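These numbers come from a predicted model, not from an experiment. Labels below follow one simple rule: chain letters A, B, ... track the order of the sequence lines, proteins then strands, and each chain is numbered from 1.
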There are 2 protein chains.
Amino acid sequence: MVKRVSLWNAGCPVARSLDAIGDWWSLLIIRDAFDGKRRFGEFQNGLGISKGVLSTRLRDLTKRGIFETVPASDGSAYREYVLTPKGRGLFPVIVALRQWGEDYLFTDGEARSSLVDRDKRAPVARLEVKSADGRSLVWSDTQVTG
Amino acid sequence: MVKRVSLWNAGCPVARSLDAIGDWWSLLIIRDAFDGKRRFGEFQNGLGISKGVLSTRLRDLTKRGIFETVPASDGSAYREYVLTPKGRGLFPVIVALRQWGEDYLFTDGEARSSLVDRDKRAPVARLEVKSADGRSLVWSDTQVTG
DNA sequence: GAATCTGGTTCTATCTTAGAACTGGATTTG
DNA sequence: CAAATCCAGTTCTAAGATAGAACCAGATTC
């Protein structure tokens with residue numbers, strides 16, 4: 001990500017993460033990759049994003065090591081975009097965003113998608129922030145140091 | 001959040017969350033609120049953000065119920081911005097971003113801040129995505145339905 | 001009471017996104 | 001096998017978001 005105030009020098013991991021993926025579209029593209037999309041046209045159709053923006057974002061995310069391109073899985077001459085391990089490391093971020101949205105942005109009974117465990121078909125458990133020895137923590141139990 | 005393609009109608013909690021907080025600055029403002037900042041000037045000095053953008057963002061986040069304004073804690077005539085329970089619900093999102101950044105965006109030994117448990121001073125545990133019955137899940141163990 | 005601080009508002013310039021047209025290679029179809 | 005269509009982009013213009021500075025009025029400090 002260029003241009004804007006750089007958040008890189010912050011010494012804060014949150015700021016560095018947002019420097020990499022904090023534009024309007026990147027996390028949605030990453031979400032779609034987790035949902036199985038791989039082809040340029042799949043991302044574009046699913047998101048309703050302009051092709052120019054998608055192209056720029058995919059290029060940047062690939063440069064940052066979040067995506068890589070591989071030969072298309074159907075044997076055609078095209079290439080597909082898949083998440084690297086670094087990209088897959090963003091799964092808790094996507095889950096956290098999903099759960100916050102579920103809690104606060106949908107009314108009871110409103111139709112929405114769910115994230116489930118493939119085996120049991122049960123919704124994934126709520127994410128919990130915990131201490132090293134397993135206690136559940138709310139934000140006021142924590143502190144940023146350094 | 002106005003203007004851009006609205007992500008609200010998506011039926012996807014991730015998209016709705018990003019509709020609310022997916023601009024360049026909101027999560028950083030929210031991070032600073034978790035770090036204890038309350039005053040307009042504190043946010044502005046800490047972030048190095050233009051006052052016009054900060055003003056617009058704080059107003060929008062307040063309208064969305066993520067922040068509320070309260071009388072200043074020092075008894076002056078000013079007001080302060082504090083997170084609502086809805087805003088505090090974003091703590092796992094901030095922690096997830098922090099942990100991804102720690103894992104992938106800092107080199108070994110590079111100085112950075114840490115999130116610790118106030119009591120024990122130990123770093124907070126890694127977030128884990130789990131099934132309803134407690135198994136640890138990677139993204140390929142999960143599926144979006146609906 | 002003057003100086004300074006505070007929390008904005010307003011303005012211009014630059015970057016990001018929206019949307020459409022264009023392009024050349026790949027694939028499909030008749 | 002050639003024409004039609006699909007695919008993955010590139011390029012362009014217009015509108016919105018951000019960067020940065022100037023301005024302003026009320027609050028606070030000295």
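- Judged purely by distance below 3.5 Å, without hydrogens or angles, the side chains of A:Glu128 and A:Ser136 pair a donor atom with an acceptor atom.
- In this structure, CZ of A:Phe43 is placed 11 Å from P of D:dG9, rounded to the nearest angstrom.
- Taking atom CG of residue B:Asp60 and atom P of nucleotide D:dG16, one finds them 16 Å apart after rounding to whole Å.
- The distance between atom CG of B:Leu7 and atom P of C:dT17, rounded to the nearest whole Å, is 12 Å.
- In this structure, the CG atom of A:Asp74 is 14 Å from the C1' atom of D:dA8, given to the nearest Å.
- Listed nucleotides: C:dA18, D:dT18, D:dA8. Nearest to the side chain of A:Arg39: D:dA8.
- With no hydrogens or angles considered, no side-chain donor-acceptor pair links B:Arg121 and A:Thr145 at under 3.5 Å.
- The distance between atom CD of A:Glu42 and atom C1' of D:dC7, rounded to the nearest whole Å, is 12 Å.
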Report task. Summarise how protein sits on nucleotides 21-30 of chain D as a single string, 5' to 3': B when a protein heavy atom is under 4.0 Å from the base, S for sugar-phosphate-only contact, - for no contact. Result -> -----BSS--
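- When the nearest nucleotides of DNA chain C are assigned to B:Leu58 and A:Gly48 by heavy-atom distance, the more 5′-ward of the two goes with B:Leu58.
- Nearest-nucleotide assignment on DNA chain C puts the 5′-proximal partner with B:Thr56, out of B:Thr56 and A:Trp25.
- We find that B:Asp141 and B:Arg135 are not joined by a salt bridge, their nearest charged nitrogen and carboxylate oxygen being 4.0 Å or further apart.
- For the side-chain contact (heavy atoms from CB on, under 4.5 Å) test, residues two or more places apart in sequence or in another chain that qualify with B:Thr62 are B:Phe67, B:Tyr81.
- Salt-bridge check for A:Arg57 with A:Asp60: passed, with a basic side-chain N closer than 4.0 Å to an acidic carboxylate O.
- Here D:dT18 presents its C1' atom at 13 Å from CG of B:Leu54, a figure rounded to the nearest Å.
- In this structure, B:Trp139 has its ring center under 6.0 Å from that of A:Phe34.
- One atom, CH2 of B:Trp24, and another, P of D:dA19, lie 8 Å apart when rounded to the nearest Å.
- In this structure, the CG atom of A:Asp23 is 11 Å from the P atom of D:dT18, given to the nearest Å.
- Sorted by first and then second residue, the pairs that involve residues 38-54 of chain A and meet salt bridge (charged side-chain N to carboxylate O under 4.0 Å, His left out), not counting sequence neighbours, are A:Arg38-A:Glu80, A:Arg39-A:Asp74, A:Arg39-A:Glu80.
- For the OP1/OP2 pair of D:dT10 and a distance below 4.0 Å, the side-chain nitrogens and oxygens of A:Arg59 include at least one atom meeting the criterion.
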